[in-house]
*Asks:* 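Please find one structure pasted underneath; my questions will follow.
Chain letters run A, B, ... following the sequence lines, proteins first and then strands; every chain starts at 1. Note that the coordinates shown come from a computational prediction; the quantities given were computed from them, not determined experimentally.
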Amino acid sequence: MKNAMKGRRRPWLAAALVAGATTAMTLGGCSSLAGQVGVKPWQRELLSRQDMQLDADPLDAAIDEHMYFSKEASSGGRGFGGGGCGCN
Amino acid sequence: MQLKADHGAIRRQLMLASCSLLGVATARAQQAGDAAAPVDTSEQTFESAISYYHEDGRITAIEPMVSLHSDDGNGTQHTLSAVFDSLSGSSPNGALPSSKPQTFATPSGSSLNSTAQTYTTASGQSTTSVAPTYVVDAGQLPVDPKYQDMRVALSALAQQPLRAFDRWRFGGTLSWEHDFLSLAGNAGYSRDFNEKNTTLSAGLNEEYDLLKPIGGAPVPGSDYSLFQKQGNKNKNGVGLQLGVTQVMTRRWLAEFNVTADRFSGYLNDPYKIVSILDAQGNTTGYVTEKRPGERLRRSAYLENRVAFDRTTVTVAGRYMNDDWGVHSSTLEANLRWWNPDHDRYLQPSVRWYRQSAADFYTPWILASTGNYSTLETADARLGAFHAATFGLKYAIKISRTGSLPGQEPSEFNVRLQVYRQDADQKRANPTALQDIELYPALRAVMLQVGYRFAY
C-alpha cells in the first residue's frame, strides 16, 4: 500500500538541469577561450546592476525559503537549506 | 591633451569595473569614477521587511526582519541579520478526520481524560481544572487549535578577499524557539577565473539542533494514548555545496550549484501522530510518527539572470531527492519590469513545485496490520503533492537628499504572494469516511512590505 502512495520520479528535470548547466558552462568556457564569450570589464554595465546580482533580494529570498521549508520536504539549492527552524 | 584625458578616464573605468562583479558598490564606483578625486567605493545597506502570512483556517505568522550589509568596495563584506517570527492559529496534528468527534491532548497534556477534576491547593483552597485536551468535531481535520510559537534568529556573514581573484567567507546562525534551538556555522571559498567571467565556489555547513518539545519528545512509533515521552533530543547536519557562476554575455549570468547534506538524530516532528483505522474506516487509536534516524539529501540548482534595458528576467530550477524516497522538482521565474525613468518596477513571479511521497508516508494505518512500530508518518509535508505560487511586487526608488552621485537610491517595496498546495496520489477513502475530505488543499497568502537604503 505504501509503495502505491509513492510518487513518480522525475529524473528528466535533474538531467535537464545538469545538461543545461553543462552546456551553458561549456559554451561559456569554450567561447571565452575563443575570445567570443565572457565579457571584458568595461562591458559589465548591465551585469553590475543591482537586480543582476545573485543575492539581489536577500530578504525576499529568506522569507520565501522559510515559508517553503515549513511546508515542503525540500529546501536549499541557492545556499544551504533547512535548519534554523523547528517547523519541519 | 584630449587623448591623454580619455586614457585616464578609461583606465579609471577599467580599474573600477574589474574590482568586483558582486554588490552595488561597483555600479556606484563606475559612475563616480569620472571624478578626478580618489573614489570611496564603500557602501552600507540597511534592509528591513515585515511579512504577514496567513493560511486559510490554519496558521498566521508575522515576521519582521532587518539586515545590515557593509561592503568596502574591495571585496570585504559583512552582513548582520535578525528575524523575529510570531506564529499562532491551528496546526494539523497528523490524525485523519473521523465520522465521530475525536479527543486529543495538547502537547503539554498527559491524558485524554477531559473530565473536570477538583484539587486542593497548598493554601487549602479548592480549585477545579480540566486536563489540557481539545475535541475535534466529526468530519473536521484534527488541528491543535491553540498553536503558538515564537522564533528569534540572528545571523552573521563575513567575506574576506585573499588575493585579487579569490576570497573566503564565514557565517553563523543562531535560532531560538521555546522548544527548539539551532546553531549553524558555514565556511566557503570562491575563486575567479577567465577575467572574472567564471567563479568556482565550495562551501561547508555544520548544524546542531536541540529539540525541547513541550511535554517531552514522544517515543517514535508508540501508542499515543500511553504518552510515552522522553527528554530533550537533538539532531545534527553537515552539508557540502559546489558551485559555478558563469558570465555568459554582457546581459546573461548563470549559476549552477550541487548540494548534499546529511542529517542524523531525532528527525521526527514531536507533535505529529498517525490514525489507526479498522477495515470500515473507524478510528481505533493513534500512534506517534516514526521517521528514520538519518536523511541524505542531494540537489542540483540552476539559475539564469538576463538583463535588458528595462527588464530583468530570472529563471531558476531545482531538482532534489533524498534517501527517504522524496523527489522534488521546482521551477520559478520572475520578470522585473522598470519604468522608463528606472525609478519604479513591477515584478510578477510564478513558482511551480512537485514532490513525491516519502517511502514511509501513510495517511493512516490499518489496524489489521497489527504492527505500528514500523516507519510511518502522516505528515502531509512528506506526502505527494504539487504546489503553485503567484506573486507580484511593486517597488519605488527614492533618491535621498545628500546622497552621493551614483549611490543606490532608497527602495520601498510591497510584495503579495498566493500559495496553493494540493495532494496527489490520494488513497481511496474508507467506507466510513466516504463523504469526508481527507486531503484538504492548503491555501495561503503572504503580504510583505520592505524598505532598503544605502548610506
*Asks:* Checking Thr311(B) against chain A: side chain, backbone, both or neither under 4.5 Å from a heavy atom?
*Replies:*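 Only the backbone of Thr311(B) comes within 4.5 Å of chain A.
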*Asks:* Let me confirm one number: the CZ-CZ distance from Arg381(B) to Phe69(A), rounded to the nearest 0.5 Å.
*Replies:* 8.5 Å
*Asks:* Any side-chain heavy-atom pair from Gln347(B) and Asp51(A) closer than 4.5 angstrom?
*Replies:* no
*Asks:* Less than 4.5 Å apart, side chain to side chain, heavy atoms only: is that true for Asp64(A) and Met446(B)?
*Replies:* yes
*Asks:* Is there a side chain to side chain donor-acceptor pair (under 3.5 Å) between Tyr68(A) and Thr330(B) once you walk through the steps?
*Replies:* CA-CA 11 Å; Tyr68(A) 297 131; Thr330(B) 312; over 6 Å; no
*Asks:* In terms of heavy-atom proximity below 4.5 Å to chain A, should Ala387(B) be classed as side chain, backbone, both, or neither?
*Replies:* side chain
*Asks:* How close do Arg295(B) and Ala73(A) get, heavy atom to heavy atom, and via which atoms?
*Replies:* NH2-O, 3.1 Å
*Asks:* Looking only at heavy atoms, which two atoms of Ala307(B) and Arg49(A) are closest? And how far apart?
*Replies:* CB-NH2, 3.8 Å
*Asks:* Side chain from CB out, backbone as N, CA, C, O: work out which of these in Phe385(B) comes under 4.5 Å of a heavy atom of chain A, or both, or neither.
*Replies:* side chain
*Asks:* Output the option from Gly239(B), Ala61(B), Ser91(B) having the highest count of non-hydrogen pairs under 4.5 Å with chain A.
*Replies:*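 Heavy-atom pair counts peak at Gly239(B).
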*Asks:* Between Ser155(B) and chain A, which part of the residue has a heavy atom less than 4.5 Å away: side chain, backbone, both or neither?
*Replies:* neither
*Asks:* Chain A heavy atoms under 4.5 Å from Tyr353(B): which part of the residue, side chain, backbone, both or neither?
*Replies:* side chain
*Asks:* Please state whether the side chain, the backbone, both or neither of Arg336(B) comes within less than 4.5 Å of a heavy atom of chain A.
*Replies:*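 Side chain only.
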*Asks:* Does the distance from a Lys or Arg side-chain N to an Asp or Glu carboxylate O, for Arg415(B) and Asp57(A), drop under 4.0 Å?
*Replies:*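 A salt bridge is absent here (no side-chain N lies under 4.0 Å from a carboxylate O).
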*Asks:* Answer yes or no: is there a side-chain heavy-atom contact under 4.5 Å between Gln53(A) and Leu253(B)?
*Replies:* no
*Asks:* Is there a side-chain contact between Lys40(A) and Glu195(B) in this structure, where contact means two heavy atoms from C-beta onward sitting under 4.5 Å apart?
*Replies:*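 Of all side-chain heavy-atom pairs linking Glu195(B) with Lys40(A), at least one is under 4.5 Å.
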*Asks:* Rounded to the nearest 0.5 Å, what separates atom OG in Ser74(A) from atom CD in Gln355(B)?
*Replies:*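 Atom-to-atom, Ser74(A):OG and Gln355(B):CD are 5.5 Å apart.
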*Asks:* How close do Leu47(A) and Thr249(B) get, counting heavy atoms only, and between which atoms?
*Replies:* CD1-O, 3.7 Å
*Asks:* Hey, mind stepping through Glu55(B) and Lys71(A) against side chain to side chain contact (heavy atoms under 4.5 Å, CB included) and telling me if it holds?
*Replies:* CA-CA 11 Å; Glu55(B) 294 174 0; Lys71(A) 298 297 160 196; 2.5 Å; yes
*Asks:* Can you tell which of Gly203(B), Ala184(B), Ser299(B) has the highest number of heavy-atom pairs within less than 4.5 Å of chain A?
*Replies:* Gly203(B)
*Asks:* Would Arg297(B) and Ser75(A) count as a side chain to side chain donor-acceptor pair (under 3.5 Å) here? Give the steps.
*Replies:* CA-CA 10 Å; Arg297(B) 302 189 302 180; Ser75(A) 60; 3.1 Å; yes
*Asks:* Of all of Leu240(B), Val66(B), Leu442(B), which one pairs up most often with chain A through heavy atoms under 4.5 Å apart?
*Replies:* Leu240(B)
*Asks:* Measure Ile365(B) against the heavy atoms of chain A and call it side chain, backbone, both or neither at under 4.5 Å.
*Replies:*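 Nothing of Ile365(B), per the 4.5 Å heavy-atom cut-off to chain A.
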*Asks:* Are any non-hydrogen side-chain atoms of Gln417(B) and Met67(A) less than 4.5 angstrom apart?
*Replies:*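 Yes. Closest side-chain heavy atoms under 4.5 Å.
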*Asks:* How close do Gln241(B) and Gly77(A) get, counting heavy atoms only, and between which atoms?
*Replies:* NE2-O, 3.2 Å
*Asks:* For Arg251(B) and Met52(A): C-alpha separation, side-chain torsions, deciding distance, then whether side chain to side chain contact (heavy atoms under 4.5 Å, CB included) applies.
*Replies:* CA-CA 9 Å; Arg251(B) 297 181 180 277; Met52(A) 279 297 286; over 6 Å; no
*Asks:* Highest number of heavy-atom pairs under 4.5 Å with chain A: which of Val326(B), Val306(B), Leu181(B)?
*Replies:* Val306(B)
*Asks:* Could you check if a side-chain atom of Arg452(B) sits within less than 4.5 angstrom of a side-chain atom of Gln50(A), using non-hydrogen atoms only?
*Replies:*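 When only atoms from C-beta onward are counted, Gln50(A) and Arg452(B) do touch, with a gap below 4.5 Å.
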*Asks:* Give a yes or no on whether a salt bridge exists between Lys393(B) and Asp60(A), defined as a side-chain N under 4.0 angstrom from a carboxylate O.
*Replies:*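 Counted as a salt bridge, because a side-chain N and a carboxylate O are separated by less than 4.0 Å.
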*Asks:* Counting only non-hydrogen atoms closer than 4.5 Å, does Glu47(B) touch chain A with its backbone (N, CA, C, O), its side chain (CB onward), both, or neither?
*Replies:* both
*Asks:* Checking His386(B) against chain A: side chain, backbone, both or neither under 4.5 Å from a heavy atom?
*Replies:* neither
*Asks:* Would Asn197(B) and Arg44(A) count as a side chain to side chain contact (heavy atoms under 4.5 Å, CB included) here? Give the steps.
*Replies:* CA-CA 10 Å; Asn197(B) 286 299; Arg44(A) 298 191 172 200; 3.3 Å; yes
*Asks:* Output the distance between atom CE (Met65(B)) and atom CG (Leu59(A)), rounded to the nearest 0.5 Å.
*Replies:* 6.0 Å
*Asks:* Do Glu72(A) and Arg354(B) make a side-chain contact, defined as non-hydrogen atoms from C-beta onward lying under 4.5 Å apart?
*Replies:*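 Not in contact.
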*Asks:* Could you tell me if the side chain of Arg151(B) sits less than 4.5 Å from the side chain of His66(A), heavy atoms only?
*Replies:* yes
